[in-house]
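Worksheet: the structure to be examined is printed underneath.
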There are 2 protein chains.
Amino acid sequence: MEIRELRYFAAVAEELHFGKAAQRLEMAQPPLSRAIARLERQLGVTLLERTSRSVTLTEAGAVLLSEARSILSAVAAAERRTRQAAQSRPRLVLAVKSGTAGGLLAKLLDAYRAEPGAATVDLLLCEAHQQQELLHNGQADVALLHLPFDSTAGLDSEILYTEGQVAILPASHHLAGRSQVRVAEVSALPELPMARWPDHDGSYPAGPGPEVKNLTQLFQLIALGQATVIIPESAGTDLRRDLAAVPVLDAPPVTTVIAWPPQSRLRAAADLIRVATRL
Amino acid sequence: MEIRELRYFAAVAEELHFGKAAQRLEMAQPPLSRAIARLERQLGVTLLERTSRSVTLTEAGAVLLSEARSILSAVAAAERRTRQAAQSRPRLVLAVKSGTAGGLLAKLLDAYRAEPGAATVDLLLCEAHQQQELLHNGQADVALLHLPFDSTAGLDSEILYTEGQVAILPASHHLAGRSQVRVAEVSALPELPMARWPDHDGSYPAGPGPEVKNLTQLFQLIALGQATVIIPESAGTDLRRDLAAVPVLDAPPVTTVIAWPPQSRLRAAADLIRVATRL
DNA sequence: GTGCAGCGATACCCGGGCGGTATCGATCGG
DNA sequence: CCGATCGATACCGCCCGGGTATCGCTGCAC
């Protein structure tokens with residue numbers, strides 16, 4: 001099994017159309033058909049059921065597609081990381097979501113810069129659901145994730161710290177003066193529906209609240225008395241004057257972890273991780 | 001970058017000798033030299049420093065070696081899993097260490113067998129340090145691991161349960177009657193040195209205690225008054241009459257987790273995991 | 001210092017495989 | 001029943017991967 005064959009198979013399995021897949025791969029259709037047939041022969045497995053009108057994945061094909069994606073991603077990562085390691089000036093890409101506790105991040109970067117032989121750290125601002133992919137395909141070396149929202153599937157990680165969550169309310173709201181509230185109290189406010197974040201696939205979950213993309217948007221809406229939200233404490237510091245943050249007693253605690261691909265051998269990444277866990 | 005090239009590179013990087021590597025790959029040396037040179041040219045990176053007397057890895061080469069091992073492992077896994085998925089009779093390989101809580105395992109297997117469409121579960125008994133590798137290269141689909149001894153690096157996992165640890169002592173020992181002890185008390189017994197388990201690489205850590213390989217050996221030694229050990233509660237149930245288990249207050253708790261490779265798409269594995277978490 | 005042994009690189013050759021074009025055969029729609 | 005669509009097959013040319021022979025360098029023995 002060669003990488004080229006996996007790339008071919010992935011294209012066909014995703015397009016479910018040999019012609020389209022060949023176009024995507026910038027090659028003619030016959031050699032593609034042959035390559036897939038050969039792959040099937042070598043594996044001794046039928047990957048695709050074809051009629052002259054349609055192509056469908058077999059169960060084995062679905063398994064191989066999932067494995068192929070992960071392998072292709074790993075190969076891209078290997079190329080990127082190898083090239084990176086050959087640079088004289090080591091660089092380290094740290095993937096963070098916009099909204100990651102600014103204080104922690106600044107402290108981490110400062111502490112790391114003080115290390116002997118510290119690499120240049122490039123911050124890669126991204127959406128939450130991209131982080132794992134970036135780590136897996138080598139576009140990032142390290143990421144800060146928030147459990148339980150993000151998953152550390154296939155990654156190594158170390159816990160940095162755990163914090164509670166707060167409800168963000170208009171300063172004038174009657175709950176805003178409370179020293180603490182419960183999830184049920186906040187979600188039971190019909191005049192302030194819970195804002196909705198995009199899901200992993202970019203779509204929004206159903207609900208009455210407004211759809212938001214970032215904290216600025218969100219705070220604007222809350223200040224206008226259009227919504228509320230429950231977010232980690234650290235994201236609710238330094239609020240605008242017209243907003244109030246109230247600790248939510250029974251919201252699940254949020255854990256910030258530093259995560260990296262398990263086979264990572266970058267000295268710079270190891271250093272950053274060591275510094276992070278000692279903060 | 002092709003898989004063949006990675007296999008070639010890994011062989012050379014491990015042997016640090018083109019001739020030996022070629023022999024291992026069952027090919028002649030010149031095409032191997034050329035393949036590596038081509039790989040370096042395509043990456044634009046020097047992977048190996050060669051003189052006519054020695055071959056050494058560059059930093060970039062070390063990175064690629066680590067990535068290559070993980071990719072080759074993933075490819076082997078992809079082939080195994082694809083072939084497996086094509087079998088009409090689904091099988092599931094569960095990797096467990098000898099010594100894994102028998103009660104939990106039996107309950108899990110019983111509960112899973114009752115599932116509709118349950119696959120045949122093959123138990124793969126192995127050493128602790130093999131489990132991750134088996135999962136990564138596709139020889140196993142699911143494993144039971146024990147934190148903090150085993151690592152879930154690069155795996156998905158769910159916590160099954162957490163237990164304390166007990167010290168195993170000869171029944172006649174003066175600590176055997178205690179309702180609880182501390183780590184310091186047990187490790188401060190010069191007449192009963194702590195038994196040593198093999199490390200990840202098969203070697204034993206230094207220390208005064210006897211080297212043991214399995215529980216039977218170990219219990220024999222303890223009964224003879226030659227050693228003691230601290231192990232998870234569940235491994236210390238149903239002891240021989242001449243042994244006693246005493247809870248160790250300050251030993252770190254042991255968590256049993258069920259772990260699987262993150263890109264796993266096996267329905268049977270998902271079922272088993274669901275059953276396990278509901279036990 | 002000289003000759004030899006060990007090792008990686010180079011030169012050259014051959015065959016298989018990969019990719020291309022042309023075409024077939026099956027299937028569905030009108 | 002005919003044409004459009006789509007995957008498979010036939011056939012061809014060339015590149016590349018692998019083989020053998022040999023070179024060039026280097027460390028070591030004497």
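Since this is a predicted model, take the numbers as computed values, not measurements. Lettering follows sequence order; numbering is per chain, from 1.
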Seminar exercise, completed: Taking dG8(C), dG18(D), dG19(C) as options, the one with an atom nearest any side-chain atom of M27(A) is dG19(C)

Problem set entry | Nearest-neighbour nucleotide for the Y8(B) side chain, dG18(D), dA10(D), dG19(D) considered | dG18(D)

For this session: Kindly say whether T51(A) contributes a backbone atom to a donor-acceptor pair with the side chain of S54(A) at under 3.5 angstrom?
Result: no

Problem set entry | Out of dG7(D), dG17(D), dG8(C), whichever nucleotide has its closest atom nearest the side chain of R38(B) | dG17(D)

Problem set entry | First of F18(B) and T51(A) reached from the 5' end of DNA chain C, by closest nucleotide | F18(B)

For this session: Figure out the CD/C1' separation between E2(B) and dC16(D), and round it to whole Å.
Result: 12 Å

Problem set entry | d(CG, L16(A); C1', dG7(D)) in whole Å | 14 Å

Exercise. So does R34(B) get a side-chain nitrogen or oxygen closer than 4.0 Å to the phosphate oxygens (OP1/OP2) of dT10(C)?
Worked result: no

For this session: Give a yes/no on whether any side-chain N or O of H17(A) is located under 4.0 angstrom from OP1 or OP2 of dG7(D).
Result: yes

For this session: Report the C-alpha distance between L48(B) and T56(B) in whole Å, list the side-chain angles of each, state the deciding distance to 0.1 Å, and finish with yes or no for side chain to side chain contact (heavy atoms under 4.5 Å, CB included).
Result: CA-CA 6 Å; L48(B) 298 162; T56(B) 58; over 6 Å; no

Problem set entry | K20(A) NZ to dC6(D) P, straight-line distance once rounded to whole Å | 7 Å

For this session: Using atom CD of E15(B) as one end and atom C1' of dC7(C) as the other, report the distance to the nearest whole Å.
Result: 14 Å

Seminar exercise, completed: The nucleotide from dG19(C), dG19(D), dA9(C) with an atom nearest the side chain of R4(A) is dG19(C)

Exercise. Roughly, in whole Å, what's the span from CD in Q42(A) to C1' in dC18(C)?
Worked result: 13 Å

Exercise. If you check the P31(B) side chain, which of dG8(C), dG19(D), dA10(D) turns out closest?
Worked result: dG19(D)

For this session: Take the protein atom CD of E5(B) and the nucleotide atom C1' of dG18(D), then report the distance between them rounded to whole Å.
Result: 14 Å

Problem set entry | Rounded distance (Å) that lies between atom P of dT10(C) and atom CZ of R50(B) | 9 Å

Exercise. So, E127(A) and K97(A), do they make that salt bridge, N to O below 4.0 Å?
Worked result: no

For this session: Decide if atom CZ of R265(B) counts as having more than 12 heavy atoms of other residues, nucleotides or ligands within a radius under 6.0 Å.
Result: no

Exercise. Could you give the CD-to-P distance, from Q29(A) to dT23(C), as a whole number of Å?
Worked result: 15 Å

Exercise. Would R267(A) and E115(A) pass as an ion pair if we require N to O under 4.0 Å?
Worked result: no

